[in-house]
Amino acid sequence: MNGNLSIPRTRPRFFTPGVWVVTAVAIIGAAALAARFVVGLGAVTNLSDAYPWGLWIAIDVACGVALAAGGFTTAFVAHLLHREQFHPLVRPALLTAMIGYTFVALGVMTDLGRFWAMWHVMLPWMWQGNSVLFEVAICVMTYLTVLYIEFLPIVCERFIGRVRLPGPLARLDRSVDRMLRVLDAGIGRVMTVFIILGVVLSCMHQSSLGTLMVIAGPKLHPLWQSPMLPMFFLLSAFAVGFSMVIFESLLASRSLGLEPEIDALARLASFIPVLLGIYAAAKVIDLLNRGAVGSLVQPTPAAGLFMLEFIGGVVLPFALLMRQRLRHSPRGLLTAASLVIFGVIANRLNVFLLAYTPTIEGERYYPAFAEFAVTAGFIAMIVLIYRFIVLNFPVIERLEEART
Amino acid sequence: MSAAHTSIDGTPASGRTEGATGATAIVPGEAGTTGGLSRRDFVRFSGVCAATLAAGTAASAGGNRTLSDDRTGVLVDLTLCIGCRRCEWACNHENGMPNGELHEFDDASVFDERRRPTSMHLTVVNRWPPSGGAKPVHVKTQCMHCEHPACASACLVGAMRKTPEGPVIYDASRCIGCRYCMVACPFQFAAYEYEKALTPRVTKCQFCRSRTQRGELPACVAMCPVEALTWGRRDELLILAHERIRNNPGRYVDHVYGEHEAGGTSWLYLADRPFTELGFPDLGSTSPAELTEMIQHGIFRGFAAPLMLFGLLGAIGKLTDHGKERP
Amino acid sequence: MKGLLITISILTATGALALLFGARTAVPPAAQPSLTSQESCLTCHDAARSTDDARVDIRLFRSRDVVHAAPAAPGTAPDVVLIDQLAELYQPVVFDHRVHAAMSEIEGGCVNCHHFEPTEGSVQPCRACHSPQRTAGTLDHPSLKGAYHRQCLACHRDWSHANGCGYCHQEQAGRVALAARPVPALAFGASNPVLPSPVRTEPHPAYVYQTRNVSAPLVSFQHLDHARSFDLQCVDCHQGGSCASCHDGTLKPRRPVHSMSTCRTCHAANQCRFCHDQSPRPAFDHLARTGWNLEPSHSDLSCVKCHGRVEAFVIPSGNCRGCHGGLSAATFDHSITGVPLLGSHAGFKCTRCHEKSRSASPARCDGCHATYAYPAQWPGRRRDPST
């Protein structure tokens, strides 16, 4: 970060009016976050014995993990299937995943009552291998490390030959430079391992995130409760991973005034209907198999939520993305990708929050202001950090091309 | 107090260590599947990864096999309970919870709404209106101490633990406060100290473990004036429960709640009407933990699936690589 | 022989159990019943299950009660029992045994509570079988605490519809401030519940029954007079039914006795008009009907004290010696009448104030004092300055 001054200040400035708004949201979120750590969960949230998990777990963690799936899906098609045309999308996707998972971790820390004991998860004698959450936690932690390692080459590329340490530390410039070169070369040799590891870890915890709610049994509405939840979560993570890459790429291009990578995005988008089709078929078969279709025909809020999620987030984008012409229009792509993202967010919200009914019914949970504020603040922080890194590190190729 | 109780001092952790060593032994053989990848350091790295994860995964798989035949429980005869709520008083007293004077527990207005255990009270009694002119039924609620507890299966750091002697014990020194145990509990009897900023705990009945280890009855059982609560070996309580049903035709419905519910619970209930009329959840006869453990251990048995995926991806990477690495 | 074998085997098993499980022994020593020659364990216990297991304790359930004989002779039972073996958080409970014994005559008798008597003619206290110590092993045999509470509450809850401990218990001193302490409603001497009545006729509540008698359809029944003045026990009229059929905290209208045959066990010799009338009838007023005032000292006596049973009504002799056998001016302490004789009155003969020999008749003062009258003025008391 010390090299900030050395960045050639070409075009996009960090602060625009929109960014100021986002910054304000982030500051409010930070204040709410501070309040949570000072006065405790009970004072700022509406969590209760009946609803132990609320907005933070549903959005910050469950949706966060799903929406950060772009990292491993893109890495898979670009690096493991060696489809060269996707390479421009790899670094933005990796960055999204890295920031996304960092904030998943922060979101978990925020929700943990005894956050200072988080490190217990790393102590082998505390491990409880029956726990789905244990597997998720270990995978997420390992994957986050892998993501940081995968990001290291970008840091190296940014600083090699351009190390400018401030003041008396300037004497170390050459040795730091040499270290970076060694590191870069070393990582380059084993990078494939980390990429594969990243994909494996992602498959493991994306699916296990679904297994997480299986233990809630009848508390989760039968439309969602299924032993197939891990498969649904994994399939939808694949689909939403590609959609997120498309969504972000289009947004970033617009925000930074660049030409969208429409060819690569259209190719990427052609995977999505396949995944959605398999997902939809599996979902329908599962509903029939479990005899849960009956709850769909009753006019209940649950049935409505399910239809909204399934029609709006699966069937509709599937229909849209089946058309090739639409895949090549930025507007059409953005719409379809947004619908998939909406569908997955709706699904995660339903599974973790809306379709969850306590055994002993009481007052229904509605998130408190601070819960909204923290979640919005985290999203705002992600946007700001993403923007900062994109502007200061070689992440988006076209931005680099524009710069040189 | 007696020979039966000295067994309580057994080492419950033994099952865990056994499982862990058993699982590590698998790894060297399995690691061979990664041979498709050429790099040696990768093999070593994945081996370590697999070993640690597999060890963790298998670690407490054996946890539920270590239940003692002498494990204890409580039989609650709801036809005897008079709803005096003295068990609540005794529980508060024993656990140092906020408590009132004895006579304050005569106040029947608390029955106006359905209560559940909270972080302030580990056990509460609810009144269910009489059906068909009979007397109202009072139902004491507290942690059921499942035979195969979902909370213990859910807890990622082993803060909830099923002891071989029956009680499900919470250890705050391990807990990280994720509240997954509360999501998992099918009875929803675990509560949480949300009001504490730094050291919130999950609160639930600990089965007065310190008392039973001294040879005393759990506080609520000792207090109960009509002895509607009977403490004893679970297998004997079950026989007793069925005898009571058999010897008193018409007094009970032929159902011992907790014998099979959620895979069986240490607390067992007898009642004169179907349990669904008394707010008991209608749960199947398997623990919710059974399915997730089956899924988890099915996918991760011997850590084979992830390793195979790893190998498969490596092979794909190798096969599709036409010499052009990324710039 | 078979019984003996089973006894031995059970004793052996119990002994083995005691050795194996220590305090988990099921049967407290006091509960060992002695068997007569006609009985075996199976008389009381179901032993359908195999007893080869060492844990036979809970497999033997008493499903029947055996009471050998009518309990001890009337009058030998205690009036009040102080239950103090278990006092810990609460004070000892004062149990009115007499009232409960009388009530139990209505239905069931002593067996209601004394449900197991091992030997002829004995009546055991609860603690003979139910141990004050509760051991974990006594699975289906309540300890003394459980036995008491189950026994008491089985009826008490039925009619009080309450479960408050304060009805019988007082918390130990110091546990609760005195003002807040609920006072138990002990029932000495006033064992009859307050009964509802459709029509209240002073001075006592009465039931007024509408009967099929055409000319005089109404029967006014003075319940309190029957219970208190006529010295009848509840059981004399009320037969059968549970406690709650008369006692009910909610005071729902109840007519446990509504048959003339019950009345005619006493009233058979009387005319119809003795009970039947055209309008509600007030309670019996001794002064108005006989001219003899029961006040002040005879108003609390039951009728039979002076008149004998209703079936054999007697008019008491005027000299009161039927009751006051040793009555003489020399030995009588006049102050027990509420009127101490002081000063110049101390040496008077009875007839100086009382008419003839009817010592119980109201005194007259006008023999000596021109303007004095009893009871406006009493001997020895100062005159009120205002008059």
Side-chain angles (χ1 to χ4, degrees), chain A residues 37-43 45 47-50 52-53 76 78-82 84 87 90 111-118 120-121 124 126-135 137-138 142 190 192-193 196-197 199-200 203-204 208 211 213-219 227 230 358-360, chain B residues 39 41-42 45 52-53 55-61 63 114 116 118 150 153-158 174-180 182-184 186-188 190-192 194-200 279 281 283 288-289 291-293 295-296 300 306 309-310 313-314 316-317 320-322 324 326:
Chain A
F37 283 105
V38 173
V39 295
L41 284 170
T45 71
L47 294 171
S48 63
D49 293 342
W53 282 0
F76 173 73
H79 289 318
L80 295 179
L81 297 181
H82 297 282
E84 298 303 324
H87 273 164
V90 168
D111 192 73
L112 288 183
R114 301 160 83 91
F115 50 89
W116 44 266
M118 178 70 186
H120 287 177
V121 177
M126 296 245 183
W127 286 355
Q128 208 286 96
N130 287 329
S131 171
V132 183
L133 192 60
F134 165 74
E135 190 227 313
I138 288 286
T142 318
V190 293
T192 318
V193 175
I196 301 176
L197 189 60
V199 176
V200 173
C203 288
M204 283 168 70
S208 294
T211 324
M213 292 306 278
V214 171
I215 206 166
K219 292 195 217 175
T359 312
I360 305 170
Chain B
R39 298 169 208 265
D41 45 357
F42 161 64
F45 178 81
T52 47
L53 276 174
T57 310
S60 33
R114 185 177 177 192
R116 62 168 161 256
T118 66
S153 175
C155 182
L156 71 170
V157 288
R174 283 171 170 257
C175 179
I176 63 170
C178 70
R179 306 186 297 285
Y180 189 34
M182 298 166 70
V183 173
F187 299 97
Q188 204 195 311
Y192 194 69
Y194 284 103
E195 68 284 356
K196 289 194 184 168
L198 276 176
T199 55
L283 300 169
L291 182 58
T292 47
E293 287 179 15
I295 294 173
Q296 281 302 90
F300 297 104
L309 179 62
F310 201 109
L313 290 173
I316 292 173
T320 56
D321 186 2
H322 305 299
K324 280 192 286 176
R326 102 199 149 81

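Note: hydrogens, waters and symmetry copies are ignored here, and every other heavy atom, side chains too, is used. Reminder, nothing fancy here: chain letters follow the sequence lines and each chain counts from 1.
- You'll find the side chain of T192(A) stays beyond 4.5 Å of the side chain of H79(A), heavy atoms only.
- Residues satisfying the side chain to side chain donor-acceptor pair (under 3.5 Å) criterion with T292(B), sequence neighbours excluded, are absent altogether.
- Note on ring orientation: taking the six-membered ring where Trp is involved, the planes of F115(A) and F37(A) are perpendicular (angle over 60°, cut-offs 30° and 60°).
- A50(A) touches chain B through backbone and side chain together, each having a heavy atom under 4.5 Å away.
- Of the possible donor and acceptor atoms, none in the side chain of R116(B) sits under 3.5 Å from a partner among the backbone N and O of D49(A).
- P306(B) touches chain A through backbone and side chain together, each having a heavy atom under 4.5 Å away.
- For chain B, the nearby parts of P227(A) are the backbone and the side chain; heavy atoms of each come within less than 4.5 Å.
- Between the W116(A) side chain and the L198(B) main chain, a donor and an acceptor come within less than 3.5 Å of each other.
- Of the listed residues I316(B), V183(B), L283(B), the one with more heavy-atom pairs under 4.5 angstrom with chain A than any other is V183(B).
- At a 4.5 Å heavy-atom cutoff, the contact between V38(A) and chain B is made by backbone atoms alone.
- Looking at R179(B), its side chain never comes within 3.5 Å of a backbone N or O of Y192(B) through a donor-acceptor pair.
- In this structure, chain B has heavy atoms under 4.5 Å from both the backbone and the side chain of V121(A).
- At a 4.5 Å heavy-atom cutoff, the contact between A216(A) and chain B is made by backbone and side-chain atoms alike.
- Among V199(A), T359(A), V39(A), the residue with the largest count of heavy-atom pairs under 4.5 Å with chain B is T359(A).
- Per-residue counts of heavy-atom pairs under 4.5 Å with chain B were compared for G113(A), G42(A), G40(A); the largest is that of G113(A).
- Q296(B) has its side chain out of reach of F134(A): every pair of non-hydrogen atoms, C-beta onward, lies at least 4.5 Å apart.
- Of the atoms belonging to I295(B), it is side-chain heavy atoms, and not backbone ones, that fall under 4.5 Å from chain A.
- When each of T211(A), V214(A), V200(A) is checked for heavy-atom pairs under 4.5 Å with chain B, V200(A) comes out on top.
- With sequence neighbours left out, F76(A) forms a ring-ring contact (aromatic ring centres under 6.0 Å, His included) with no residue at all.
- Interface remark: of the candidates C175(B), P186(B), A150(B), C175(B) forms the most heavy-atom pairs closer than 4.5 Å to chain A.
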